[in-house]
Number of protein chains: 2
Amino acid sequence: MSYKDKKVITIGIVSELTGLSERQIRYYEERKLILPDRTKGGTRKFSFLDVERLIDIANKMEDGMQTFEIRKMEKEEKKRTDRKTRDQMIRGQINAAFNIRK
Amino acid sequence: MSYKDKKVITIGIVSELTGLSERQIRYYEERKLILPDRTKGGTRKFSFLDVERLIDIANKMEDGMQTFEIRKMEKEEKKRTDRKTRDQMIRGQINAAFNIRK
DNA sequence: CGTGTAAGGAATTCTGACACG
DNA sequence: CGTGTAAGGAATTCTGACACG
């Protein structure tokens with residue numbers, strides 16, 4: 001949707017933006033912590049959101065967390081976010097039905 | 001500042017995003033219509049703003065405009081924008097001085 | 001488990017030039 | 001003027017493996 005989610009950044013740039021080595025970035029992909037796109041030739045393409053995630057991952061790794069724990073944590077965060085979004089949509093429906101302004 | 005201005009996209013991706021050939025993009029740079037950054041190795045890096053500019057340029061070229069005309073037009077637009085920004089800042093100062101809410 | 005590294009190859013990008021118009 | 005293309009080389013990225021721990 002927005003620029004933040006467009007997968008357009010190659011790994012070298014991502015490495016610079018995050019301070020992580022290319023090796024680390026590829027490993028985190030292997031562990032399913034990030035899911036870059038690929039060009040036809042096979043070159044990885046990342047989004048700014050991926051870059052943010054990687055910085056977050058880097059912090060968690062520094063705190064001694066392991067990749068599988070980080071993966072779990074991210075999934076739970078997503079659940080929470082989805083739940084919130086759903087609630088807000090329902091509230092929106094209700095407000096619309098009663099023609100209420102917030 | 002924002003993601004829109006970060007120079008992180010290589011020419012192949014820009015080509016896909018804009019529909020322009022790499023040749024065209026390099027030529028527009030030569031004519032100073034865009035100013036990508038470079039990696040240490042010399043590879044060009046573009047921003048999303050550059051991509052937007054290129055799409056705009058492509059439209060103007062289709063309309064038969066020449067590169068030097070486009071360059072001029074962009075400069076004038078920038079002037080107009082800067083003038084507007086300046087006016088708004090001055091208004092901001094005045095409002096602050098008189099403690100006025102808009 | 002997480003990361004560095006050397007290895008060999010493939011994809012990507014670069015420049016300068018010639019061509020056409 | 002604007003753009004395509006073939007040419008040769010350089011920078012970038014890729015994978016699978018070995019190493020250490």
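Order of the sequence lines sets the chain letters (A, B, ...), proteins ahead of strands, with each chain counted from 1.
Applying the 4.0 Å criterion to OP1 and OP2 of C/dT3, one finds that A/Tyr27 has every side-chain N and O outside that range. Side-chain N/O atoms of B/Thr10 include one lying less than 4.0 angstrom from OP1 or OP2 on C/dT13. Applying the 4.0 Å criterion to OP1 and OP2 of C/dC14, one finds that B/Thr43 has every side-chain N and O outside that range. Phosphate proximity of D/dT15 to A/Arg44: present, with a side-chain N or O under 4.0 Å from OP1 or OP2.
Comparing B/Arg23 and B/Gly42 by the nucleotide of DNA chain C that holds the closest heavy atom to each, the one mapping nearer the 5' end is B/Gly42. Each of A/Lys45 and B/Gln66 lies near DNA chain D, and the nucleotide nearest B/Gln66 is the one positioned closer to the 5' end.
Rounded to whole angstrom, the span from the CD atom of B/Glu30 across to the C1' atom of C/dT15 amounts to 11 Å. Between the CZ atom of B/Arg26 and the C1' atom of D/dT5 there is a distance of 12 Å, rounded to whole Å. The nearest whole Å value for the distance from the CD1 atom in B/Ile11 to the C1' atom in D/dA10 is 16 Å. Atom C1' of nucleotide C/dT12 and atom CD1 of B/Ile9 are separated by 16 Å, given to the nearest angstrom. The distance between atom OH of B/Tyr28 and atom C1' of D/dT3, rounded to the nearest whole Å, is 8 Å. Look at CD on B/Glu29: it is 8 Å from P on C/dC14, rounded to the nearest Å. Taking atom CD of B/Glu22 as the reference point, atom P of C/dT15 lies 12 Å away to the nearest angstrom. If you take CG of A/Leu20 and C1' of C/dG2, they are 12 Å apart, rounded to a whole angstrom.
Checked against A/Asp50 for a side-chain hydrogen bond (donor to acceptor under 3.5 Å, both in side chains), the options A/Lys45, A/Lys4, A/Lys7 give a single hit: A/Lys7.
Residue A/Arg31 is in sugar-phosphate contact alone, with no base atom involved, counting any heavy-atom pair closer than 4.0 Å across all strands shown. No contact: A/Phe68 has no heavy atom under 4.0 Å from any strand.
Out of D/dG2, D/dT15, D/dT13, the shortest distance to the side chain of B/Met61 is found at D/dG2. Closest approach to the B/Thr39 side chain among C/dG2, D/dT12, D/dC14 is made by D/dT12 (side chain taken as heavy atoms from C-beta onward).
There is a side-chain donor-acceptor pair under 3.5 Å between A/Glu52 and B/Tyr3.
Base-pair partner of D/dG16: not found among the strands shown (Watson-Crick or G-U wobble, both distances under 3.5 Å). Using Watson-Crick or G-U wobble geometry with both donor-acceptor distances under 3.5 Å, C/dA6 finds no partner in any strand shown.
Here the closest non-hydrogen pair linking B/Ile34 and B/Ile25 is CD1-O, 3.8 Å.
A salt bridge links B/Arg26 to B/Glu22: at least one charged side-chain nitrogen sits closer than 4.0 Å to a carboxylate oxygen. For B/Asp82 and B/Arg86, the salt-bridge test fails: no basic side-chain N is under 4.0 Å from an acidic carboxylate O.
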